[in-house]
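Note that these values count all heavy atoms, side chains included, but never hydrogens, waters or copies made by symmetry. Computed from a predicted model, the values in this text were never measured in an experiment.
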Amino acid sequence: MTDRKLTIRNQTFVWGKRTYLMGVLNVTPDSFSDGGDFNTIESALAQAENMVKSGVDIIDIGGQSTRPGAAEICLAEELDRVIPVVQMLRQKADMFGSVPISVDTTRAQVAKAAVEAGADIVNDISGATFDWEMLSTVAQLQVPIILMHIRGTPQTMQKLTDYRDLIGEIREFLESRIAAAVAAGIDKSQIILDPGIGFAKTYNQNLEILRELPKFRGLDCPILVGVSRKSFIGQILNQREAKQRIWGTAAACTSAIANSADILRVHDVREMHDVCLVADAIFRNQS
């Protein structure tokens with residue numbers, strides 16, 4: 001990788017040294033595993049505090065559910081959900097002052113408002129394809145962007161899982177999004193990639209991505225993996241309750257670390273923090 005470091009809010013991320021944890025903070029009523037749990041300012045703040053105490057590296061705030069079939073909300077509603085939470089965390093500088101905040105959105109206007117309110121990273125599950133102003137907006141904001149692979153939308157994606165060459169097509173998509181981002185004025189060192197586990201992927205395809213993760217290293221960007229509580233884990237465990245998939249998530253996270261993932265996006269920060277410490281000691285020779 002050309003630049004092995006990225007500094008965000010005085011925190012330096014050294015890619016390859018250890019695994020970093022992005023904690024999920026869904027301020028939604030309908031997310032697949034925790035919808036409604038944190039959709040008030042008070043509950044969101046308490047959860048963010050728990051994540052910081054548990055060793056989180058980035059807090060990812062999302063106001064639009066992206067579970068399969070999720071209905072799209074309007075711009076005003078997404079702003080109303082996300083911006084007050086970003087502002088609240090930034091006001092509590094003693095707890096959150098040095099913690100990078102990511103905004104999980106596909107809308108350039110939400111990204112801009114969130115960064116102006118104190119967010120540091122844009123996490124776009126569409127790879128900046130849903131809103132053609134996203135890349136130019138992020139370039140102007142001069143913040144890192146996470147570009148994820150998806151086909152279709154959350155409403156249609158699970159019908160779009162027919163690939164000729166799964167890994168090759170994901171790689172081609174991500175390569176094209178890197179090129180578009182750089183052309184828009186985003187420095188490549190500011191780009192993080194996500195192969196999109198669970199987004200337009202079948203059970204077997206999710207497992208294949210985890211096995212073949214090293215094939216994305218050639219794109220020369222840090223890799224984020226999001227397996228937390230997802231349905232393929234529930235299928236393996238025969239566990240329909242997403243919150244009961246913690247240890248299945250731990251196994252999937254361990255496999256991602258063994259295959260050199262740089263960031264894990266997780267719901268259960270305390271448990272996955274321990275998983276990362278042990279897996280890093282084994283696979284990255286960190287102690």
Side-chain angles (χ1 to χ4, degrees), residues 6-13 20-31 34-53 56-66 72-126 128 130-148 181 184-187 190-192 194 224 263 265 267 269:
L6 179 60
T7 299
I8 309 169
R9 193 163 287 271
N10 299 320
Q11 299 293 315
T12 299
F13 294 76
Y20 295 93
L21 284 177
M22 171 183 278
V24 179
L25 186 57
N26 287 321
V27 289
T28 60
D30 58 343
S31 290
D34 58 1
D37 286 357
F38 313 116
N39 63 338
T40 68
I41 288 285
E42 294 77 18
S43 59
L45 177 60
Q47 177 65 359
E49 288 179 351
N50 286 336
M51 289 195 289
V52 169
K53 291 173 183 175
V56 80
D57 296 294
I58 303 166
I59 296 175
D60 190 43
I61 300 172
Q64 164 70 63
S65 175
T66 54
E72 185 176 354
I73 61 173
C74 68
L75 171 64
E77 187 169 1
E78 187 177 356
L79 288 167
D80 286 346
R81 289 178 181 181
V82 170
I83 304 307
V85 177
V86 176
Q87 290 172 334
M88 175 62 73
L89 298 192
R90 284 291 168 244
Q91 286 169 14
K92 296 193 173 291
D94 56 331
M95 173 66 73
F96 303 106
S98 63
V99 179
I101 293 174
S102 169
V103 59
D104 179 359
T105 187
T106 61
R107 289 180 166 126
Q109 286 177 267
V110 175
K112 185 174 188 293
V115 171
E116 289 173 350
D120 308 283
I121 306 167
V122 175
N123 181 14
D124 188 336
I125 61 110
S126 79
F130 290 1
D131 185 338
W132 290 102
E133 294 184 356
M134 180 63 88
L135 293 178
S136 60
T137 299
V138 170
Q140 290 167 5
L141 294 168
Q142 296 186 312
V143 296
I145 187 167
I146 300 164
L147 300 171
M148 194 191 82
I186 299 171
D187 192 279
Q190 298 279 95
I191 299 171
I192 297 165
D194 180 347
L224 181 148
I263 305 170
R265 185 177 182 274
H267 299 83
V269 174

Point-to-point distance, once rounded to the nearest 0.5 Å, from [atom1] of [X] to [atom2] of [Y]:
| X | Y | atom1 | atom2 | value |
| --- | --- | --- | --- | --- |
| Asn123 | Asp60 | CG | CG | 4.5 Å |
| Thr106 | Phe130 | OG1 | CZ | 6.0 Å |
| Arg81 | Glu77 | CZ | CD | 4.0 Å |
| Ile101 | Ile61 | CD1 | CD1 | 5.0 Å |
| Met22 | His267 | CE | NE2 | 12.0 Å |

Exercise. Any donor and acceptor pair, going by atom type alone, linking the side chain of Gln64 with main-chain N or O of Ile73 inside 3.5 Å?
Worked result: yes
Exercise. Does Thr40 reach the main-chain N or O of Ser43 with its side chain, forming a donor-acceptor pair under 3.5 Å?
Worked result: yes
Taking the side chain as every heavy atom from C-beta outward, state whether [X] and [Y] have any atom pair closer than 4.5 Å.
| X | Y | result |
| --- | --- | --- |
| Gln190 | Leu6 | yes |
| Asp124 | Ile146 | no |
| Met134 | Thr105 | yes |
| Ile145 | Ile192 | no |
| Ser126 | Met148 | no |
| Val103 | Val82 | yes |
| Ile191 | Leu147 | yes |

What heavy-atom pair brings [X] and [Y] nearest, and what distance separates the two atoms?
| X | Y | value |
| --- | --- | --- |
| Leu89 | Phe96 | O-CB, 3.4 Å |
| Leu79 | Gln109 | CD2-O, 4.3 Å |
| Leu135 | Ala181 | CD1-N, 3.7 Å |
| Pro100 | Ile121 | CB-CD1, 4.4 Å |
| Ala184 | Ala139 | O-CB, 3.3 Å |
| Gly23 | Val56 | N-CG2, 3.4 Å |

Exercise. Going by distance alone, is a donor N or O of one side chain under 3.5 Å from an acceptor N or O of the other, for Thr12 and Thr7?
Worked result: yes
For this session: Please identify each residue that fulfils side-chain contact (heavy atoms from CB on, under 4.5 Å) with Ala117, with sequence neighbours left out.
Result: Ile83, Val86, Gln87
For this session: Tell me, please, which residues at least two apart from Tyr20 pass ring pair (Phe, Tyr, Trp, His ring centres under 6.0 Å).
Result: Phe13, Trp15
Problem set entry | Residue pairs passing the salt bridge (charged side-chain N to carboxylate O under 4.0 Å, His left out) test where at least one lies in residues 103-123, sequence neighbours excluded | Arg9-Asp120, Glu72-Arg107, Glu78-Arg107, Arg90-Asp120, Asp104-Arg265, Lys112-Glu116
Problem set entry | Steps toward side chain to side chain contact (heavy atoms under 4.5 Å, CB included) verdict (Leu25, Val85) | CA-CA 10 Å; Leu25 186 57; Val85 177; 4.1 Å; yes
